[in-house]
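As structure tokens, the structure follows; a few thoughts come after it.
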Amino acid sequence: MLKVTDLAVARGGIAVLEGVTFEVAKGQAVILRGDNGSGKTTLLRTIAGLQEPLAGQVDCAPDSIAYAAHLDGIKANLTVEENLKFWADVFQSDQMSKAVEAFDLGGLLQRPANTLSAGQKRRLGLSRLLVTGRDIWVLDEPTVSLDAFTVKAFAEIVKAHLAGGGCALIATHVDLGLVGDTLDVMQFHAKGDSTLSSFDEGFL
Amino acid sequence: MIALLMRDLKLAFRAGGGFGLGLAFFLIVVVLVPFGVGPQTALLSRIAAGILWVGALLACLLSLDRLFALDWEDGSLDLLATSPLPLEAVAVSKALAHWLTTGLPLVVASPVFGLLLGLPEAGYIFVVLSLLIGTPALSFIGAFGAALTVGIKRGGLLLSLLVLPLYVPTLIFGAEVARRGSEGLAVQTPLLLLAGITFGSMALLPFASALVLRVNLR
């Protein structure tokens, strides 16, 4: 469903990874590993389409990637329900009740998001994935600030997503107990001789 | 797009959302100017239209830096960029929300503030009209500036420096409409040019905003 071919990515004008090639099949999860600063986040942002690759290409169906990163995009002054409803409207989806149920947010719906704990916020942030109704989940450290119980519950949700014909690309240090390949990004570490294209609008 | 607009409006009205900030600032400017000029009603009423326009412009500027910065900080902008909503639509609804929460209240309040400055009677309709037509341009130009400075910490000052020069044409023609109207002269030419600036920036700037947002998201 997701095919990455000879991808090279840069962070802050410096190439960090090159020659990244892998494929995520339907119903499969690929776990990304690598030290801090090895380029996992940059790779995921590139695959999600937030930045341009230096070289190579990412093949997947258009508008099929749901991206979740370190920040959850939660508005503190809105309630949990309003936050979720907003994303449901943006994605024109009717999956909201399913997301609420899966992430056990029913009791929190009327709470303003600024009264949530870090773990609860994370749950709200991740529940957006189900709301999007998209097939390819690209997740950057999804289990940060989740307790052991919720991590397990989240692993079950990912499994259900895979069983339902989706796939996932997850950067994590936690063992989620998923069936799938592990990809160590360190092997793609850029040698430092790749140069940027002549013009970098990043100066703006 | 409607969802985003409604969310931004809701946020603006919630605690700390900044609705009324521009209006209060506008009021303070308008109250301060007579103190600075002194008790000369004739002089004041002659410059009233210009003061209202400069005040509206500064009030618009006040809330611009949070336009994209808040969504950038909490990660919403990344998520919006990966959503089905094109960034052009994001830019349009952000600018529209800014106008509805800042520009429109200024338009509505301007007759009252005109009274405080002793605006000539004939001028009211033209001040309101010029602000109504001109302030959307301020929001759309401002949204472009906000998109340019979105990744920069404390980018507010840079934003003002970038945006204020771009506001000059709007100010010139807006104030000209109000001045000519107050003096009973024909207003058609500056009014058309003002409308031209507004529609031009509404049509073109969202694309520019989306482009610089994409660059800043990298």
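All chains are named by letter (A, B, ...) in the order of the sequence lines, taking the proteins before the strands, and each is independently numbered beginning at 1. Hydrogens, waters and symmetry mates are skipped; everything else that's a heavy atom, side chains included, is used.
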Legend entry - Enclosure of B/Gln188 CD (heavy-atom neighbours >12, cutoff 6.0 Å): no

Legend entry - Heavy-atom neighbours of A/Arg111 CZ exceed 12 at 6.0 Å: yes

Inset, instruction - Inspect the surroundings of CD1 in B/Ile125 and state if more than 12 heavy atoms from other residues, nucleotides or ligands are less than 6.0 Å away. - result: no

Legend entry - Residue-level interface, residues 82-95 of chain A with chain B, non-hydrogen cut-off under 4.5 Å: A/Glu82, A/Phe86, A/Trp87, A/Asp89, A/Val90, A/Phe91

Legend entry - Check: A/Leu71 and B/Asp78 side chains under 4.5 Å, non-hydrogen atoms: no

Legend entry - Structural part of A/Ile74 lying under 4.5 Å from a heavy atom of chain B: backbone

Legend entry - Rounded distance [0.5 Å steps], NZ in A/Lys75 versus CG in B/Asp74: 3.5 Å

Legend entry - Closest approach of B/Arg14 to A/Asn77 (non-hydrogen atoms, all atoms of both residues): NH1-O, 2.8 Å

Legend entry - Under 4.5 Å from a heavy atom of chain A, the part of B/Leu77 involved: neither

Legend entry - Within residues 121-136 of chain A, residues adjacent to chain B where the heavy-atom gap is under 4.5 Å: A/Arg128, A/Arg134

Inset, instruction - Name the member of B/Ala3, B/Gly151, B/Pro84, B/Ser83 that forms the most heavy-atom pairs with chain A at distances under 4.5 Å. - result: B/Pro84

Inset, instruction - Pick one of side chain, backbone, both or neither for B/Leu70, based on which atoms fall under 4.5 Å of a heavy atom in chain A. - result: both

Inset, instruction - Using a cut-off of under 4.5 Å on heavy-atom pairs, state which of B/Ile2, B/Leu79, B/Leu80, B/Asp71 scores highest against chain A. - result: B/Leu79

Legend entry - B/Met6 atom CE, over 12 foreign heavy atoms within 6.0 Å: no

Inset, instruction - Flag yes if more than 12 heavy atoms outside A/Glu101 fall under 6.0 Å of its CD atom; otherwise flag no. - result: no

Inset, instruction - Using a 4.5 Å cut-off on heavy atoms from C-beta on, say whether the side chain of A/Leu50 contacts that of B/Arg218. - result: no

Legend entry - Proximity breakdown for A/Ile65 and chain B, heavy-atom pairs closer than 4.5 Å: backbone

